[in-house]
Amino acid sequence: FTADRDIAVIQFVSGSVNIKSAVEDVVQAPAIPGRTIQKGDIIHIGENGRSELVTINQDIRIKLDELTELSLQASNQATQIELHYGKVFTESRTKSNKNSFIETPSSRVKLGNSEIWIHCNYSGEDEIFLIEGQVIVQNKKFNTRQNISIGETIFSGKTGLSEKEEIHS
């Protein structure tokens, strides 16, 4: 393992949380606090599982809910969270001047300084809720974009982006 592949560190684990290493000859293993996540590793949260990760550069904190799967990618210019399905909450603070994105089968969200909750269902449709800050949501199928601000929500899926709405409690 090389340090330049390291992207994040596991902070918290509860229930069923496993890591499938991007390295071919390494088997899937249970996640434990302090373990390093590397480029391309797949984090799978099972039923009743939860986990929290922080990127090495401290720019992004990711909280993963049960029945969630994601992987992380990074370059000198950007950190990308690839949400395959499930629910995540991210706190993004761009201290390192890197761009940060969440990518789902339907959407690409540029994070900036924000707090965002995303639910990506198995059909690849997304509910996106902005708790703090402002983000740009792009629907990948139609290449449409929408800025959403604090307290707004939007849906993104096979039919494009919905109109943004106020979050109702």
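Hydrogens, waters and symmetry mates play no part in the numbers below; they use all other heavy atoms, side chains included.
Taken from CD in Gln77 to CG in Asn99, the straight-line distance is 9.0 Å, to the nearest 0.5 Å. Atom-to-atom distance recorded for Asp126:CG and Leu161:CG is 9.5 Å, nearest 0.5 angstrom. Distance check, rounded to the nearest 0.5 Å: NZ of Lys87 to NZ of Lys63 gives 15.5 Å. The CD atom of Gln11 sits 9.0 Å away from the OG atom of Ser51 when rounded to the nearest 0.5 Å. Annotation: the span from Ile56 atom CD1 to Thr36 atom OG1 amounts to 5.5 Å, rounded to 0.5 Å. Note that CD1 of Ile7 is 10.0 Å distant from CD of Gln80, once rounded to the nearest 0.5 Å.
In terms of hydrophobic clustering, with Ile, Leu, Val, Met, Phe, Trp and Tyr side chains grouped at heavy-atom distances under 4.5 Å, Trp117 and Ile167 are assigned to a common cluster. Taking hydrophobic clusters as Ile, Leu, Val, Met, Phe, Trp and Tyr residues chained together by side-chain heavy-atom distances below 4.5 Å, Ile60 does not share a cluster with Phe101. The hydrophobic clustering, which links ILVMFWY residues whose side-chain heavy atoms are closer than 4.5 Å, places Ile102 and Phe155 apart.
For the residue pair Val135 and Leu111, the shortest heavy atom distance occurs at CG1-O, 3.4 Å. Of all heavy-atom pairs between Lys140 and Pro105, the closest is CE-O, 3.5 Å. Taking both residues in full, the closest heavy atoms of Ala8 and Leu53 are given as CB-CB, 4.4 Å, listed atom of the first, atom of the second, then distance. Between Cys120 and Thr104, the closest heavy-atom pair is SG-CB, 4.0 Å. Of all non-hydrogen atoms in Gly112 and Ser92, the two that sit nearest each other are O-OG, 2.6 Å. Minimum heavy-atom separation, Asp59 to Asn57: N-OD1, 2.9 Å.
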**Message:** One pair to check against side chain to side chain contact (heavy atoms under 4.5 Å, CB included): Lys158 and Ser123. What are the steps and the verdict?
**Reply:** CA-CA 9 Å; Lys158 297 175 184 123; Ser123 300; 3.8 Å; yes

**Message:** Pair Ile62, Ile43 - check side chain to side chain contact (heavy atoms under 4.5 Å, CB included), show working.
**Reply:** CA-CA 12 Å; Ile62 308 162; Ile43 301 109; over 6 Å; no

**Prompt:** Given Leu67 and Tyr122, is the side chain to side chain contact (heavy atoms under 4.5 Å, CB included) satisfied, shown in steps?
**Reply:** CA-CA 10 Å; Leu67 304 175; Tyr122 297 111; 3.9 Å; yes

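Under the 3.5 Å distance criterion, the side-chain polar atoms of Thr79 are left unmatched by any main-chain donor or acceptor of Ser100. Asp41 places a side-chain N or O within 3.5 Å of a backbone atom of Ala22 that can act as its donor or acceptor partner. With hydrogens and angles disregarded, no donor-acceptor distance shorter than 3.5 Å links the side chain of Asn48 to the backbone of Glu66.
Between Ile10 and Ile37, the closest side-chain pair of non-hydrogen atoms falls below 4.5 Å. Contact annotation: the side chain of Glu152 approaches that of Glu166 to within less than 4.5 Å [non-hydrogen atoms, C-beta and beyond]. Within the 4.5 Å cutoff, no side-chain heavy atoms of Val9 are placed close to those of Val54. For the pair Glu115/Phe89, a side-chain contact is recorded, criterion being any heavy-atom separation below 4.5 Å from C-beta on. Side-chain atoms of Val88 and Ile81, non-hydrogen and from C-beta on, never get closer than 4.5 Å to each other. Between Ile42 and Glu69 there is a side-chain heavy-atom pair separated by less than 4.5 Å. Here the side chains of Gln38 and Asp6 are in contact, with some heavy-atom distance below 4.5 Å. Proximity of Arg5 to Val23: side-chain heavy atoms (C-beta onward) are separated by under 4.5 Å at one or more points.
Other residues, nucleotides and ligands place more than 12 heavy atoms under 6.0 Å from the CD atom of Gln28. Summarising the local packing, NZ of Lys110 is surrounded by 12 or fewer heavy atoms from other residues, nucleotides or ligands at distances under 6.0 Å.
A side-chain contact (heavy atoms from CB on, under 4.5 Å) with Val109 is found for exactly one of Leu83, Thr90, Ile148, Ile116, namely Ile116. None of Arg108, Gln138, His84 except one satisfies the side-chain hydrogen bond (donor to acceptor under 3.5 Å, both in side chains) rule with Glu103; the exception is Arg108.
Taking a cutoff of 4.0 Å between a charged side-chain nitrogen and a carboxylate oxygen, Asp65 and Arg50 qualify as a salt bridge. Residues Arg93 and Glu132 are paired through a salt bridge, judged by an N-O separation under 4.0 Å between the basic side chain and the carboxylate. Electrostatic pairing of Arg61 and Glu52 counts as a salt bridge here, judged by a charged N lying under 4.0 Å from a carboxylate O.
Ring orientation note: the planes of His44 and Tyr85 are nearly perpendicular, at an angle over 60° on the 30°/60° scale.
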